[in-house]
Each structure stands twice: as C-alpha cells, then as structure tokens.
There are 2 protein chains.
Amino acid sequence: MSPILQKDDRYNILFEPVDIGPVRTKNRFYQVPHCTGMGHLRPRAESALREIKAKGGWGVVSTQETEIHPSSDLSPFPEQRIWDTKDIPALRMMTEAIHAHGALAAIQLTHSGHHSPNLYSRTPPLSPIDQSVDFIYPKQARKMSKTDIKNLRLWHRKAALNAKAAGFDIIYVYAGHGMTLAQHFILPEYNNRSDEYGGSLENRIRLTRELLEETKDAVGDTCAVAFRFAVDELKGKDGMQSHEEGRAVIEMLSELPDLWDVNLSDWSNDSQSARFEPNEGYQVPFVEFVKGVTSKPVVGVGRLTSPDLMTSLIKNQTLDLIGAARPSIADPYLPNKIAEGRIDEIRECIGCNICVSSDNLGVPIRCTQNPTIGEEWRRGWHPEIIKPRVNKKRALVVGAGPSGLECAMQLTRRNYDVILSEQSDYIGGRVLFESGLKGLSSWKRVSDFRINEIRQKTNIDVYTQSIVTPELVSELEISNIFLATGCHWRSDGIGRSNRQGITGLKNINVLTPTEAINYQYSPEESIVVYDDDQGYLAGVIADHLSSAGHSITFVTPASVVSPWTQHTLEQVRVQASLLNQNVKIVPNKTIFNANNGVLNARCMYTNRTSNIECTTLILVTERIPDTLLYAQLKEIMKSENNINLQHIELIGDALAPGLIADAIYSGHLAAENFEEPEIHIQQALYAREITSLI
Amino acid sequence: MSPILQKDDRYNILFEPVDIGPVRTKNRFYQVPHCTGMGHLRPRAESALREIKAKGGWGVVSTQETEIHPSSDLSPFPEQRIWDTKDIPALRMMTEAIHAHGALAAIQLTHSGHHSPNLYSRTPPLSPIDQSVDFIYPKQARKMSKTDIKNLRLWHRKAALNAKAAGFDIIYVYAGHGMTLAQHFILPEYNNRSDEYGGSLENRIRLTRELLEETKDAVGDTCAVAFRFAVDELKGKDGMQSHEEGRAVIEMLSELPDLWDVNLSDWSNDSQSARFEPNEGYQVPFVEFVKGVTSKPVVGVGRLTSPDLMTSLIKNQTLDLIGAARPSIADPYLPNKIAEGRIDEIRECIGCNICVSSDNLGVPIRCTQNPTIGEEWRRGWHPEIIKPRVNKKRALVVGAGPSGLECAMQLTRRNYDVILSEQSDYIGGRVLFESGLKGLSSWKRVSDFRINEIRQKTNIDVYTQSIVTPELVSELEISNIFLATGCHWRSDGIGRSNRQGITGLKNINVLTPTEAINYQYSPEESIVVYDDDQGYLAGVIADHLSSAGHSITFVTPASVVSPWTQHTLEQVRVQASLLNQNVKIVPNKTIFNANNGVLNARCMYTNRTSNIECTTLILVTERIPDTLLYAQLKEIMKSENNINLQHIELIGDALAPGLIADAIYSGHLAAENFEEPEIHIQQALYAREITSLI
C-alpha cells in the first residue's frame, strides 16, 4: 500500500457499482460460489476465509453450494448446508463478516438430485428419472412424482427464506456442473418424462422457472435472485450446447433472474486446469452471447487474473461482472491490488487445481500460490500481512526452491535481514524443472511472484551458485538458518508398491525424472516410464517425452494413469492424452527386476510375472530428502563450543517431500513461526472446530 | 425375554468374570475397537451406539481407533480423537453411557504414522523411515528423529492420562492393521533404521515396549493396559508370520500388557468378508498359540457368532475373551440372547462388510442384518424394541424380499395383524437369488433370521404364490399396504455410462442377472458379463459362471472390476479371483451396439471404438422398480369413492433399488414410521450433530 501507487484509470470501469435486482455491488469483482472443504463442518474457518475475500475488495462474496434438504445430502463432503433454521447462526456469522467490509453475500441453494448419494440421511436420492446415483455405489435415485416436485419447490422456498434471515443479499437458483436437479431436469439425457416437466425445452425448464419465480416471490423484495446456469457441456451434440439449447434457455428465461451467472459443465470443464486449458478467459467464447439475450447483469469466469482482459470484457460488453473462484483463492486481494495500482503484486492462479483437490478430499482448501488460504481462522494467517520480527535480526535461507523462496520472502516482510543462497545457477528449484514440462508453464508463476517481490526488497541478498557449508555458516556468523535443500528422486526402484527396490538395475539405463527430460535418447531405445509415485509427475513426463516424439511404455501398479489427478479433475484428460499419443499403458504391475532389455513385473492382483521390453527405465517412485547440511549443523549446534547457531530448521521437500503447495506452505509456516512463542505454535497446531454436545 | 427361556448351562463359562489388570469384566463378551464413521464428528451418535452394546450385555465396549495427536490426523475420516483435553467431554459422555450398564469402556490410542496423510493438520506424517504416505497423494512421511520418538511417547502418555480422565477402564497400545506407528516400527518392511529402534526384533519392539511401560506407569493404577497386535500379515515370509516374529513379539512382551488383543493384518485380512472367508473363527489357527506364551488374558476375533464355538474356544483355552466387532454390530444383544437362552434369536453377521464400507466412506455405520445400528441417537431406534401400535390394527405387506420381511416382522413386533404376501413360491426375494451365488451363502441369514421370527408369531399370515391385485386388496378390506414389490434388471443396456442404451441387442442373446444363473449355455458360446452397475453383482456373477466352467469376458466402463467393493475391502480379492480363473477383463469400455457375434465398445478415455466377441451378453446395468400395483392403488386412493385405502407406501427396491442393506433399512423405516406423527418423522429426518460456534 505504498502511497506512490495509484489505480490506473484504465481500470476505473472495474470499480463501477452494478445493480443486481434490489441490491447494488460496489464494484465488478464477483467471487462466484466455490467449495472450500469447510462448509457446515468448519463454520468459523469458512467465515474467516470469506471475510478475507471481502477485505480484499471483492464486491460480492459467495459461499459454496448449499444443501437445502436432507434428500440432498453430500456427506461425507462438507459443503454448505441450510436444511433448516439450525444452520442459520453459522451462516449469519459469515454474512456479518462479509458485510463488515462492504461486500454483498451470496448463497447458492442446491438440490443435488442423484448427484447426492444421501449417505448420511439415507433418504432415497431424487431424479427426473430412475437412474443410478452419480457415485460408485449400487444404489439408484427414484423418479420424482408430482408430489416430490411440489415438495422440492417448498424446500427451496423455505431455504431462500432462511437464507434471507441469515443475511444473504443474493440467493441463487443453481443449474450447473451436472450436479443439480434443476439442471438434470433441463438435460434430455436425464429427463425423458412424459409429463409437463419433460419433453419440450419449455417443459424441461419448468422446474427452473418455478424455482426462480418462487424465490423471487419469497425473498425478491430485498434479495437479488441469481441463476447459475451451464450453457455448454463440451459434449458436442450429445449434450447442452451454447449455440443450441444453452442459448434457448437464456432466451426463454432472460429477464426472470436478477443476475445470470453462466459457465461450463461439468466441473472438470468449468475448472479446467492450466495443463489442459492454458488460456485465461477460456469460457468467453461460450458465454459471450448471453449479454445480447438479456438486459440483466451477467457474470462469467475462466481463470481471469489479468486486469486488462477484465477491462476489455466489460468494455466489449461481454460481461458485467468479473467472476472468479480460483483467482480469488490465489489472491484474495486481487481487487484491492488493481485499485491501488499494484498489478505486479497480484498472485496469479497457476491453474493447478490443488484447491479443487482439497474439496474432493473433504478437507480444507489449499492453494499452491497462496499458503494462507484456509488458515485464516486456525492460524490467523493473512495473505498480505505478517507479524513483524521480534528480537533476532538476520536469517539465512539455504535453497531457492518454492519453500526457500516463500520463507525468505515472508522473512523479509517481517523485516529480517535475509540471505537466500542457492547452489544452482537459477532461482526456482523444482518449480523451474516442472514448469518446463508439457502443460505446466503457468506453474512458473510460483517462483516469478516471489522473485518479483524479493527483487524489490532491500533487506535480502540472493546468491546463486553458492554452496553453503558449515564453515561458510560460521564465517557469516548467522545464527538462524532455514534449510530448503530439497530432495532428489530415488534411482533404486523403492516406492509405494515395492519397499525392497528393483534388482538388476545395473543391467539397463536408469534415469530419474530430472535426468529424463534432457537425456539424448537414441531412436532404438525402449523407454519405460514407471510410476510408483502415482501422483502427477510420471504422467506429465510420459506426455512430455511422447510429445517430443519418443515412443513410451507407461507402467504403473495403479489401475489408472496418475490416480492422484482424479482429485484435480484431470485424470481422464491425462490418460486420454497418453492414449491419443499411442503411449502404451500397462496398469496393475509392479516392477521387481531388470534384465538386459527386459523388466520383470508382477501383477498386483495375482502375483503372476510378466516381461516388459525396456532399455531405458525412468523411475518415478519416491524422493530422498537432502539433509546433509542440516545434519552437520545440528551436530555443531549440539557441540559444547557452539556459540553461534540458535535456530536450524528443515523446510519443504527437505523436511518431507510433497506437492509444491506443501513446500510453499512449509516455508510460510516456518517464517510465521520464527520467534513465535512455542505455546502459540502449539495452539495453532491443535486448533480445530468441534461438534456441539448440546 | 420370555420367562420360559433360560440360559443353557453349557454356556455358563461365557458369563464368568475375567480380571484384566486392575479391572474386572463381568463376562467374556468383548467388543473390540471398531470404526463407526461417527467418532469425533458425531459424538452423540457414537455414544448412543456404544451404549446399546453395553445394554446388550457386552462386558467390554471399546470405541474406535483414537488419534492422539495432530500428526496422526485421519481427516476426512471421522475416527475418534483425543488430541487434548478438549476431546474429553465427548469421550466422557460415552464412558458414562457404557458404565451405566455395567460394562467396561476401552479406548484404542493410535498414532497412524505414514497411514495418516494429515490433510487437516498439514503436519508432515511420521514414519520409521522416509516413505510415501499410505494414501494416493504425492507426499511422503519423514523419518522420525530421536526427538520425534520422545515426543511421540509424551503424546501417548498424555493421551492415556486424558483417556483415564474421560473415564476409560482399558487403554490400548495399538500395533495392528498395518495402520499404526508401533506396528510400522516392528515390521522390517517399514524399518531399516540403524539406531536402537531398528535392526533386531528387540530394537524394533523398543517403541512398543516403551509405550506399554509408560502407559502402565501413567494410568496402570486404575486402568488396564491392553495391547492390540497383529500376529500375521498373511504375506508368507514377506511379512509378519504368527509362527515366526509374530510369536517372538508375544514371547518378548508376554507379561507386559494386562491384555493381549490379537488379530491379523492388514484390515482386509482381519475383516475378511464371508465371500472370501466363509469360516467363523478363521483367525483361530493364527492366534491359538498366544495363551501358551502369556499368563495374561487373550481376546481374539474372527466373525464369531456361535455360542458353541465361543464356549469351546474358552474351554480349550484358546481364548479368554470372545472378541467381536462385526457380530456385535449385527446383534448388539448377542450376549443377552445367549444369557437368556434365546440362541435362535441371534441376528448373525453375514460377513458382507457393509459396516466396513460406511467407515471407508466416512459416513455413519450401516449393517445389512441390523438396520438400527447407527440410528440409535438420530432416530431412537433399538435393535430389539419398537414402539407399540397406535390406532390401526391391520397391515398388508406385498413382497417377501428383504424389505417386505423386515417391514412385516417389525409390524408384528408392534402388534399389528399382518398379512405378508409373496407372488413366487419362496420367501426371501433377492436374498434367495444372491445367496445362491458363489461365496454369498451366508447372506441367506438375512431371510432366515426374519422367517424364523415370523414363524413364531401368531399375528401374521404368510402367503406364497399369491398375486395381489387391487381387487384382492378390496376383498381383504385392508387399509394399510406396504409394497415391497422389488425391481427387475434392465435388458436394454441403459446404465451409468450410457443413458441411451445399447442398440442392436436383438442381434444377440441378452440375459439379465437372474436369467444368467440358470441359463443352459452351449459350449461354443462367447459369454460377456457387462458391468455398468459397478457394484458387486457383476463380479459375483462372473465368478460364479466361471467357476461353473464357462469362459467369461468381463467388460466394464470402470478401470477395475467391481470398484464399489474397494469399500468392503474385497476388490483385490474379486479381481484376483477372476484373473485366476482366466476371466478376460476388458476395463474402461462402454458398450454401445451389438451385432451378430460382436459388441461395439467405446473407450472411456479416447472414444475410440473396438469390437468384443460375444454371443451371449449378460447385462448388469440398472434396475427398474416394479410399481404397477402401487400406481393402481394410488389411483383408487385418489378416486372419490375410495372408502378403504388409507396408507399406501413403497419400500425397498420398489422405492429405489439399492443394496440389500438399503432394502432392510427401508422396510424398517416404514414399520417404525407407520402411524407416527409427521412432525416426529421430520425431526428424525433433519436430525444431525452440528459444529459448535463457541
């Protein structure tokens, strides 16, 4: 918030107020509903997270999809809930936190239909037709009767009234992501009813129309009624298309909602990762027609982080409001930064979908770029502000990968004098390596953002090609050292499915992931990528090398390629990409031995052995933390004549290899906890929300 | 509790008290720790469930594995938690409920090591060595330092003291199921340390010994200290074996714990389903040596439901205490029934592992045999007692499958006069069909139990070969009708992956699951089992037919056979069984067309088409509820001249096809709710535990 910075007038349009039915948002920054893995289970954490968005300048802050009835029960996933008045206090806590900073609060009322298996409530799921639940469970939803439809409308109305009582300003009807009953009624795939709710499009949108009308009738005097609608399913003519029925729906309901929130379906299409959709604003071609069909304000999304693009979308009359889920997670202060002319301080979303993965796992949201998201309540973290230094003055951070960069940056924010030392020629560590792989170039934003901030600081010195030894530490007379020394990939085959390692590896050419990328392969090579990590990296490497023209066999003990990427909504695209490049996939096999030109593998089910042709084996299994310097310094610290070393701490992959998000978080945690009283650290570690006993 | 019934003296030995360290259990019935999907998230439900066990006569009632520290965080799975004193009130509520009925309360303190990915706490998982977390996430646990080990011991000691403060009588140290740090240290697979905690067995059990000693020191004055230990991993010499190190561990620690709770590892071996391990007492051969090695009492498990076997295990000095998890879920009153001479009233566990599935899904426990489990708090249900009838006197139940049987049985308990009508020759419905399939014979207990009870009632008439029509209903002058008319399998190919159905089916021989079993296949037939249900049934049918000598191709849009069975811990055994019988498995394919002798399939990833040879296609896709009679009666009810029909209700698969457990639950729910005020029904539907805001 340096006083010399000012808003660029070019962006003034983004800060105009917009009327949405009976309410008015102060600007065009609209945080659309997104999940957090907190919801009704963690109301204080949810509230604190939404409050940060309001503080950061978003004109509208939405909570996540909100179950309106026990027949729409998404347990074990903790979405939001408004089954009855018992949920109001938690929701009111959130709306008050949002209102305190001048933002509007929005709620997305949801009946999930056959998408909710009702594993807690045990009531039969509802659907326009008899069909399987959208969950691997041999259980079906039942076709709704007319009475069921009437009840649904009553539940929705009651939920709208309760939402108004909880203080929400904008109340959604929701037909998107393939996940809601209103949408299921609209789509012929799920609706072959012969009554007035099926058949023609007019009939199929009847339920939506009723929900919109009844919501307006119930709460429209003081609340805006928004409609979130997926205009296209990216299925071609097998599904909704934005130039066919997608457009027709909007034409038919054009003036009914107070706001159109338009996007793509299903979730994997709406929240496409940068790996498979690198373009910001990728939803524009599908939704740009909407403003031509309605006079109501329109909000759209598509990983929008550039104020120039935002401005042009408004000026071109493509959108009225700039919707954001992921960009608002990566940078809750994005609107304020634009307002204050601090464009280069925007922490841009990298499109990695780690945020999505946490919701898919039913745990609080995480972000690679913003380690403070989800930690607002538990740890009191803030994306922009960190406590000042206490007594100590200097710190050395060894290693300029993601955890070292984050730790060093935060220490400079705390006003320590920092030395950041990197042994290689370049800053960025694994981020440099991974962002060089096919589809991951946006990941470089992780190091770019931090390098940019560090460059502007006077209290940090950065050294590359610098090997830190105990002797150097002693010379520097630095007492406080953070070791972000990283890790290296194993080359012995030890991994998830095989703790003994692969025998006979001397018989073939073995490469680690880092070696594999720049290796000069000869044309006659049989290259096997072996994935006993089962994360994302082996799939990326196979894709990268295959795209470079190499013929690849992908062997994994898992049943699918990169099973972890199911959580980031990428798995189908990952495996399709390999198959489309004719990568040979060998699932369900663990490799235990290598011979000349042949690997011996064992079936994960039967233990039957088989052979796989191979001359070069790329092992993506486990990683070994690089902790030599840490061990050396610890020894010195323990010795009686140590007069210098006070704080030695491993961070990032050197502490425990994980995702880049884990490394950033680890670096941030270390910087936050430095000089913090142990009792505070412990309190935060144990902090949790617990179930009421009364 | 008929007064003429008395305990059979043969079983007296089961009701002897047993001293366990400083405490004494009143009998030998010991409910070992098992998960419920409730834990710290649903403390009142957990407490009510455990209380029912105590009421039912179990001498010891244990809660589930209990996290002792944020570094052992199993989120999103709601196990039990004793991170600090904040958890004591919920735990004390449970121990008081258990004590109120004369039982001892036990708690299994757990540090999960690398089995807990710490997705909430975000602290790096701990392990004897650097290795991947036991969860598909590219994240590793870090090798514990000596300081970490000291801390772990302090956490365990503190948890033991807090457990004592919460009122527990028996406090566990836990080394089982492949899920705990104490066990990871014992197993060479996870421990190649070179310090005093690795190497020799003496070193590898050092941590366990310390935990046992320190727990005794902390709470041993008033609490017994139990040790749960997996003596065998069923991996042969690649793992722990009961005649090798399994025995050695017990010899070395023999007198240290107050109680030995011995079983198999991992969880899928301990909780083997009846499908793959039909024998009650299957763990006996592995644990029978234990009593020869220690003077301390020994508890063992293995789906024990027969009082004769239990008695012989005690008399033969195989065990001192009869451990049970699943049998105590299927019948919480098992001990009381033996005590009261009501052996034939025992609701025997069928070994289906639906209970396990609910924990694996993070939702409250369910049971096929006992629909009341998990509903004690929410609905006030009791496995033995149901409210008496109100005003009405008679009811007709149409269909004697699982939901009809349960509904009719419970209505007779409520003292209604019941007619149960079944159109086929036999009672049991789908239970009869499914229990005739390979591995599922124990499932027949579902109908056997209910038929046995109904046979002894005077207020029910059962008719087979009886077709109920609206005219018959009118003749019978019955006003209240429960329609358990079931469902039938689709034969058009509509299913999860294909809502249009399969074209060209007239070109080949199509069979539904029920038709497939008794069909006379000719030797030259190419039989394809197509699983677009993705539950368990298609896998069972393929296994059944393959065992009968037929050559089978198994096609599924899923990546594995029967993915649902991952939740019942059976998937690996299911797929291995098919592969070992040379069933050809074609994953990731949806079938869209049939030609003469050939199916056309499409890859789920690439949409590429391929052909699969087939002359007979067995379709396991979706089911169509049979609701004709319901529709007819509803019409009559609506007509103005209806003077008779008052209550018409669909239940079970006729309402919404699901598991047998769902059908039983549906029948039970209908019987419980009959004549209940609507407001009570609604209260139960909305009942849930919510998070404290203070």
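Quick caveat: nothing in here was measured; it's all calculated off a predicted structure. Lettering of chains follows the sequences in order, A, B, ..., and the numbering in each one begins at 1. FYI, side chains are in, hydrogens and waters are out, and symmetry mates aren't considered; it's all heavy atoms of this structure.
When A/His567, A/His69, A/Gln500 are compared by the number of non-hydrogen pairs under 4.5 Å with chain B, A/His69 comes out ahead. Contact count against chain A (heavy-atom pairs under 4.5 Å) is highest for B/Arg623 among B/Met604, B/Met93, B/Arg623. Counting heavy-atom pairs under 4.5 Å between each of B/Ser692, B/Pro78, B/Ser75 and chain A puts B/Ser692 at the top. When the candidates A/Leu669, A/Asp532, A/Leu655 are compared by the number of heavy-atom contacts under 4.5 Å with chain B, A/Leu655 comes out ahead. By number of non-hydrogen pairs under 4.5 angstrom with chain A, the leading residue of B/Asp238, B/Leu650, B/Ile136 is B/Ile136. For the set A/Gln140, A/Gln566, A/Arg573, A/Gln131, the count of heavy-atom pairs under 4.5 angstrom toward chain B peaks at A/Gln140. Considering only heavy-atom pairs separated by less than 4.5 Å from chain A, the leading option among B/Ala576, B/Pro657, B/Pro124 is B/Pro657. Of all the listed residues (A/Gln575, A/Lys139, A/Arg142, A/Arg608), the one sharing the greatest number of non-hydrogen pairs under 4.5 Å with chain B is A/Gln575. Looking only at heavy-atom pairs under 4.5 Å with chain B, the residue among A/Val560, A/Leu41, A/Thr627 that has the most is A/Leu41. Note on A/Ile494, A/Asp73, A/Asp134, A/Thr606: by heavy-atom pairs under 4.5 Å with chain B, the leading option is A/Thr606. Considering only heavy-atom pairs separated by less than 4.5 Å from chain A, the leading option among B/Phe135, B/Tyr137, B/Tyr665, B/Tyr605 is B/Tyr605. Among B/Ser358, B/Pro43, B/Gly535, B/Pro138, the residue making the largest number of heavy-atom pairs under 4.5 Å with chain A is B/Pro138.
Residue A/Ile129 holds its CD1 atom at 7.5 Å from NE2 of A/His114, rounded to the nearest 0.5 Å. Once rounded to the nearest 0.5 Å, the distance linking CZ of B/Arg42 with OH of A/Tyr120 reads 6.5 Å. A distance of 8.0 Å separates CG of A/Asp359 from CZ of A/Phe77, quoted to the nearest 0.5 Å. Rounding to the nearest 0.5 Å gives a distance of 4.0 Å between CG of B/Asn588 and OG of B/Ser559.
Using a 3.5 Å distance cut-off with no hydrogens or angles, the side chains of B/Thr621 and B/Asp533 do not pair a donor with an acceptor. A/Trp564 and A/Gln534 share no side-chain donor-acceptor pair at under 3.5 Å. Between the side chains of B/Glu689 and A/Thr691, no donor-acceptor pair of N or O atoms lies under 3.5 Å.
Taking 4.0 Å as the cut-off between side-chain N and carboxylate O, A/Arg496 and A/Asp531 do not count as a salt-bridged pair. By the 4.0 Å N-to-carboxylate-O rule, B/Arg81 lies close enough to B/Glu67 to be salt-bridged with it.
Residue contact with chain B, scored on non-hydrogen atoms closer than 4.5 Å, involves the backbone and the side chain of A/Pro563 alike. Neither the backbone nor the side chain of A/Lys143 comes within less than 4.5 Å of any heavy atom in chain B. For chain A, the nearby parts of B/Arg688 are the backbone and the side chain; heavy atoms of each come within less than 4.5 Å. Only the side chain of A/Asp662 comes within contact range of chain B, judged by heavy atoms closer than 4.5 Å. The contact between A/Ala687 and chain B is made entirely by backbone atoms, counting heavy-atom distances below 4.5 Å. Residue A/Cys487: no heavy atom, backbone or side chain, is found under 4.5 Å from chain B.
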Full working for side chain to side chain contact (heavy atoms under 4.5 Å, CB included) between B/Asn360 and B/Ser357: CA-CA 5 Å; B/Asn360 275 327; B/Ser357 78; 5.5 Å; no

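In this structure the side chain of B/Glu189 reaches within 4.5 angstrom of the side chain of B/Lys235, judged on heavy atoms.
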